[in-house]
Each structure stands twice: as C-alpha cells, then as structure tokens.
Amino acid sequence: VVVLTIWQGKFVSMYYYCEMIVQSKAVNSAEAVSLVNNWNYLSQMPDSLVNNIRSIKGTFILDYNRDGVGDDYEVNSGKAQRDTVIINSRLSDAFCVQAQIYNADNRVMLNEIKNELFKYLGSDNWVINCNKYRQEENKAMIARIDKEIAVLDSLKNADYFNNGERYKMDKNGSLMMVSEKDKHLYHTDILELLEQKQEVVRASYPEPFKIMQDFSTPMVSINNTSNNFKQNLLLIMLITTFVALLFDQRKS
C-alpha cells in the first residue's frame, strides 16, 4: 500500500475540485445541466485550457427543506436520478458547475473556463429564444403595472376627494346626504403594484445565466497522499479478502 501510494504521488498528476453556482434565468435547471454535460469542450477550447482540465460537469442543487436555499449538490448516479425524493428537492432556477483541474494556482485559467462555458451556453438557440421571450414578457408586465398605477392614481382623486352629488337641498332648504360613497384610498394598492414592479425589474437580468458564486479556490487535491492511501488500503483489503475466500473454497 505504501509503495503504491508513493508511486501515485510521483507519477500521477494532482487534480483539484472547485464549483460554481449559476442562476438560470431563461431555462430551467434540468435543461441547463443537460447543456453543460453535453458540452464537447475538448474540441471547443484551446489546448492550453484542455490540458489543465480533468472534467467539467453540471449537477443539481438540492433544497431538502424547501426554503429556496440549496443544502447540497446531487451526486450524478443512476440511482439518484430515479429517486423521486431527490428529484423533487432540485432547485429549478439554479445549478452547479463542478470542475476538476490540474492547476490549482491559476485563477486566470478558471476565468477562461468560465467565459468559454458561458459563451457555449449563450449560443444555444433554445436558450436564446427562451431568453428573448422572457425579456418581452417582463417588458409587457412592467407596462401593465405602470398602466394600473396610473389608473389607481387618478381614481384616488376622483373617488375620494370629489364630493359631487353627495348632497342636495331638501324642501326646507337644508342639505341632505343622498349617495355617500365609501371612502377608499388606493395608496396600499399602488404600493403593492410598485413592489410587484420592483420584483419584475430585478428578474429582468438581460443575460440568460447569472453567476451566484464564482468558481471556488481549489485548496486540497482530491488525489492527495492521504486519500490515495485510504483508497489503496481499501482496495488491497478487498483483493486480499477475495483471494483468501478463493483459496479457502478452492476445492468447491
């Protein structure tokens, strides 16, 4: 085990893990993850980047308590993809990009990988069409809210401050109230519409994807000496157990 671990440390390149959280504005997370995992980056990026990349994959962010905040990342496995509990816990508007790289000290390289990824995602025709439709819908919604605010603002003066036909003279010359209108202020309604407008404006991010958390800084290599020793020890124990069972049951 020790010899194998030392050999791995000398001849196998160290690789590091980092992740980036992305909010998907135009398409849902399932479509975005599929796009990332189908990205043929080996043929679309320069060799200077490709040679430093071990893998790039997209995965889902899981929200177990349904509070809108991610709790964990989904492990890509067939079992997990069939588990309805996990599927129902996926955030629909955010996903994670996980990368394994060989150079932990080069932030420029990570920025280049990020730029190439967003160039690829932004060039997809389905993403372009969905994002265009989203922007048009947001503009139409803002226009409708502005129109409703203008109507309520005019009603505020007409209904509450206009006293016409509320009084008339009786036979004795006294004023008599005949059609009192319910006093109603529209300030609350206008404020609610303004809050709705602010939410739509915040959602009107022009790009189809927005970075929520940039690539984390790689710190410890995945295949470091400690991890390699543990994996090799487990592997040797399994092989030894199998050989011992095989030798013990050799007659049968």
Do you reckon [X] sits in the same ILVMFWY cluster as [Y], going by side-chain contacts under 4.5 Å, direct or chained?
X	Y	value
I101	I211	yes
W126	I128	no
L121	Y133	no
Y205	I21	no
I142	L191	yes

Determine yes or no for a side-chain-to-main-chain donor-acceptor pair under 3.5 angstrom, with [X] supplying the side chain and [Y] the backbone.
X	Y	answer
T59	Y73	no
D124	Y120	no
E148	I145	no
S216	E19	yes
N37	G58	yes

query: Between K119 and E116, does at least one N-O distance fall below 4.0 Å, as a salt bridge requires?
result: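 Here K119 pairs with E116 in a salt bridge, since their nearest N and O are under 4.0 Å apart.
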What closest approach, in Å, do [X] and [Y] show between heavy atoms, and which atom pair accounts for it?
X	Y	value
C18	L110	SG-CD2, 3.8 Å
V36	K57	CG1-C, 3.8 Å
N131	P206	ND2-O, 3.0 Å
S29	A94	CB-O, 3.5 Å
M212	Q23	SD-OE1, 3.4 Å
P208	V127	CB-CG1, 3.5 Å

field: Derivation and outcome, side-chain contact (heavy atoms from CB on, under 4.5 Å), residues E137 and M141
entry: CA-CA 6 Å; E137 285 291 296; M141 179 63 71; over 6 Å; no
If you measure from [atom1] on [X] to [atom2] on [Y], what distance do you get to the nearest 0.5 Å?
X	Y	atom1	atom2	answer
Q98	E74	CD	CD	10.0 Å
Q135	K132	CD	NZ	9.5 Å
K147	R144	NZ	CZ	10.5 Å
L62	L91	CG	CG	8.0 Å
N138	K25	CG	NZ	9.0 Å
S89	I61	OG	CD1	13.0 Å

message: For a 4.5 angstrom cut-off between non-hydrogen side-chain atoms, does D214 reach N111?
response: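 Counting from C-beta outward, D214 and N111 do come under 4.5 Å.
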- request: Check the pair Q196 / L193 against side-chain contact (heavy atoms from CB on, under 4.5 Å), numbers first and verdict last.
  value: CA-CA 5 Å; Q196 294 179 18; L193 287 172; 3.9 Å; yes
query: Going through the checks in order, is the side-chain contact (heavy atoms from CB on, under 4.5 Å) test met by K197 and V200?
result: CA-CA 5 Å; K197 181 179 179 180; V200 176; 5.7 Å; no
Trace of the side-chain contact (heavy atoms from CB on, under 4.5 Å) decision for V97 with F215: CA-CA 8 Å; V97 178; F215 273 123; 4.2 Å; yes
field: Parallel, tilted or perpendicular: ring planes of F209 versus F118, cut at 30 and 60 degrees
entry: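 F209 vs F118 ring planes: perpendicular.
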